[in-house]
Structures are given as C-alpha cells and as structure tokens.
Student: 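Structure in structure tokens, see below.
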Amino acid sequence: MKGKVALVTGAAGGIGGAVVRAFEEAGALVIGIDREQADLTRANEVEALFEATAREHGRLDVVFNGAGISGRRFGDGPVDRCTEEGWDTVLEANLKSVFLCCKYAVPLLLENGGGSIVNLTSVLGLVGGDEDFATHAYAASKGGIISLTRAIAVTYAARHIRCNAIAPGLIATPMSARAQNDPGVVSRLADLQPLTGDFGRPEDIAAAALYLAGDGSSFVTGIVLPVDGGWTAR
C-alpha cells in the first residue's frame with residue numbers, strides 16, 4: 001500500500017486502531033477518523049470530511065468503514081423487546097454511517113481511477129444469533145452492510161472500484177467487553193470458534209483488511225470474508 005491514501009473510520013476502536021497500524025506499516029498514508037472528529041450519521045459532516053481529504057491529500061485510494069456500536073444500552077434486543085430508540089440508533093450508527101461514507105468516497109475513488117472499500121460487518125449479519133446474541137437491530141444493520149457491499153461491488157466494478165466486507169466473530173476489543181466477562185459466552189467459545197476456542201484478536205481483522213485493501217486482492221470484489229475462528233462454517 002505504499003503511496004496510497006487510506007481513510008479509516010472507527011480508528012480509536014480496537015479493530016479500527018489495528019487497521020490503522022497495519023495500513024501504516026504497509027506504507028499507506030492513513031487518515032484515522034473517530035466520533036470526536038465527525039458524526040458519521042450526518043451527511044454534511046461526512047461530506048466535509050471527504051472534501052478535506054481530497055483537498056489536503058489530492059487523492060483517495062482506500063476506505064475502511066469500521067465505525068459502529070453495540071446498541072444494548074439504547075434498547076436493542078430480541079425483536080419483541082427491541083425499542084424504537086434502539087432500532088433507530090443502531091441502524092443510524094452502523095448502517096447509515098457506512099452508506100454516507102461510501103456515498104462521498106465513491107466520487108473521489110472514481111476521480112482516482114478506482115480503489116478499494118472495505119466494510120466491517122459481523123457474523124451476526126450472516127447467521128441468526130441465539131439468546132446470547134439476540135440483538136436484532138445490530139443483526140439487521142450488519143446484514144444491511146452486506147447487501148450494500150455487494151450492490152456497490154456490482155455497480156462500480158467496471159469502473160475499478162472494489163467493495164468487500166469482513167465478518168468478524170467474537171474479537172477481544174472494548175466493544176465486546178460484555179461477552180468477555182460473561183461466563184456463559186466464554187464457556188461456549190470452543191463450540192462457537194473452534195479454531196482457537198478463544199476470542200480473536202484485532203490484528204486478525206486488520207490482516208484481512210490489509211489483504212482486501214491492497215493489490216493482492218485485485219481480482220476480488222463483492223465478497224464477505226468471515227474472520228471468525230470457524231463460527232459460520234458450522
């Protein structure tokens with residue numbers, strides 16, 4: 001990625017921070033964005049962010065959309081108990097933010113002759129979560145990211161924009177603190193993620209992001225890459 005300009009959202013998080021480091025180590029100039037710098041659910045702030053990127057760096061090659069939330073504290077849960085506030089808050093933070101970042105990234109990528117978008121989804125966008133993972137607004141938002149990723153991939157493939165998604169399993173980050181401290185979830189790890197029987201590392205996701213962002217995946221678009229220790233293979 002030497003010489004490429006990459007924008008990473010959720011850069012202060014466990015996964016986003018690991019992606020920033022991986023991209024920088026690979027030679028990219030990285031613009032790390034987190035909630036203190038822009039509200040990614042507001043179109044004017046996202047537009048200004050990408051305009052500033054173009055103005056200051058003259059190009060954009062890669063976007064990693066990693067910003068997102070877990071919505072339990074807002075009322076997310078099983079569909080019969082999920083509150084409207086929980087639904088709206090999670091869909092805005094997780095799905096609308098990705099839509100807006102892609103909306104304003106694509107024109108810059110097209111000006112540059114193409115590029116790569118990598119969106120962070122979840123295994124819960126691919127499989128139904130049981131009682132330990134019954135956050136249905138979260139699942140809907142992550143499923144929406146998958147559909148958006150595929151639609152972007154097909155629409156812009158002939159113009160050399162690639163768009164792919166990564167679906168992590170349980171990763172040891174501050175966002176997964178509830179699961180890490182839940183003895184019931186921990187006791188299930190050998191079944192959920194049999195490859196290690198443990199939580200994954202942010203660096204596992206960053207390695208996948210580096211592959212999808214870089215030239216080594218130049219013939220890859222529209223995929224959802226599970227990085228989940230075997231969860232979705234069951």
Side-chain angles (χ1 to χ4, degrees), residues 1-38 40 43 45-68 97-121 145 148-168 171 173 200-225 227:
M1 292 183 67
K2 186 175 181 180
K4 292 188 176 183
V5 175
L7 188 146
V8 175
T9 73
I15 290 174
V19 171
V20 169
R21 292 190 295 273
F23 284 6
E24 288 180 338
E25 289 169 4
L29 188 158
V30 181
I31 303 141
I33 302 297
D34 211 80
R35 65 186 68 187
E36 288 78 13
Q37 295 155 294
L40 300 180
E45 294 192 30
V46 178
E47 183 178 21
L49 169 65
F50 282 92
E51 286 177 349
T53 298
R55 185 171 58 251
E56 294 172 20
H57 304 287
R59 61 185 293 141
L60 181 65
D61 302 282
V62 174
V63 177
F64 178 82
N65 285 310
S97 64
V98 174
F99 154 67
L100 288 174
C101 286
C102 290
K103 175 180 175 65
Y104 292 107
V106 162
L108 299 185
L109 296 175
L110 290 174
E111 287 178 12
N112 197 38
S116 177
I117 298 171
V118 183
N119 294 326
L120 193 66
T121 178
I145 289 171
L148 179 61
T149 296
R150 289 173 171 154
I152 290 171
V154 170
T155 300
Y156 298 100
R159 300 173 76 181
H160 311 296
I161 291 177
R162 298 185 298 108
C163 189
N164 296 288
I166 299 171
I171 307 298
T173 67
R201 304 171 303 136
E203 291 75 16
D204 297 323
I205 310 305
L210 183 59
Y211 165 68
L212 291 173
D215 294 339
S217 61
S218 59
F219 196 55
V220 178
T221 196
I223 72 159
V224 181
L225 176 59
V227 183

Student: Taking all non-hydrogen atoms of both residues, which atom of L40 and which atom of A67 are closest, and how far apart?
Tutor: CD1-CB, 3.8 Å

Student: Enter the distance from I171:CD1 to E203:CD here, rounded to the nearest 0.5 Å.
Tutor: 10.0 Å

Student: Is there a side-chain contact between L120 and N65 in this structure, where contact means two heavy atoms from C-beta onward sitting under 4.5 Å apart?
Tutor: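 Heavy-atom side-chain distance check fails, nothing below 4.5 Å.
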
Student: Just so I know, are the side chains of V30 and M1 near enough to count as touching, which here means a heavy-atom distance under 4.5 Å?
Tutor: no

Student: Which one of V20, I33, I15 satisfies the side chain to side chain contact (heavy atoms under 4.5 Å, CB included) criterion with F64?
Tutor: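 When side chain to side chain contact (heavy atoms under 4.5 Å, CB included) is applied between F64 and each of V20, I33, I15, only I15 qualifies.
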
Student: Could you pull out the closest heavy-atom pair between T53 and L7, with the gap in Å?
Tutor: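 Between these two residues, the closest heavy atoms are OG1-CD1, 3.6 Å.
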
Student: For a 4.5 angstrom cut-off between non-hydrogen side-chain atoms, does C102 reach V63?
Tutor: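 Of all side-chain heavy-atom pairs linking V63 with C102, none is under 4.5 Å.
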
Student: Can you establish whether the number of heavy atoms outside F50 located under 6.0 Å from its atom CZ is more than 12?
Tutor: yes

Student: Testing the basics here: between L210 and A26, what is the closest heavy-atom pair and its distance to 0.1 Å?
Tutor: CD1-CB, 3.7 Å

Student: So how far is it from N164 CG to I152 CD1, rounded to the nearest 0.5 Å?
Tutor: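 One finds 11.0 Å between CG of N164 and CD1 of I152.
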
Student: Measure the spacing between CD of E51 and CD of E47 and express it to the nearest 0.5 Å.
Tutor: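 These two atoms lie 4.5 Å from each other.
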
Student: What are the two closest non-hydrogen atoms of A22 and A206, and how far apart are they?
Tutor: CB-CB, 4.0 Å

Student: Find the distance between OG (S116) and CG (D215) and round it off to the nearest 0.5 Å.
Tutor: 9.5 Å

Student: What heavy-atom pair brings G115 and L109 nearest, and what distance separates the two atoms?
Tutor: CA-CD2, 4.1 Å

Student: D34 and A12: which non-hydrogen atoms are nearest, and at how many Å?
Tutor: OD1-N, 3.0 Å

Student: Taking the side chain as C-beta and beyond, is there a heavy-atom pair between L148 and F99 under 4.5 Å?
Tutor: yes

Student: Starting at OG of S218, measure out to CG of L212 and round the result to the nearest 0.5 Å.
Tutor: 11.5 Å

Student: Under a 3.5 Å distance rule, please check whether S217 uses its side chain to pair with a backbone N or O of G214 as donor and acceptor.
Tutor: yes

Student: To the nearest 0.5 Å, tell me how far T9 OG1 sits from Q37 CD.
Tutor: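 So the OG1 of T9 and the CD of Q37 are separated by 10.5 Å.
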
Student: How about I117 and I161: do any of their side-chain heavy atoms sit closer than 4.5 Å?
Tutor: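 Yes - at least one pair of side-chain heavy atoms lies under 4.5 Å apart.
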
Student: Would you indicate whether the side-chain heavy atoms of V5 and I31 approach each other to under 4.5 Å?
Tutor: yes

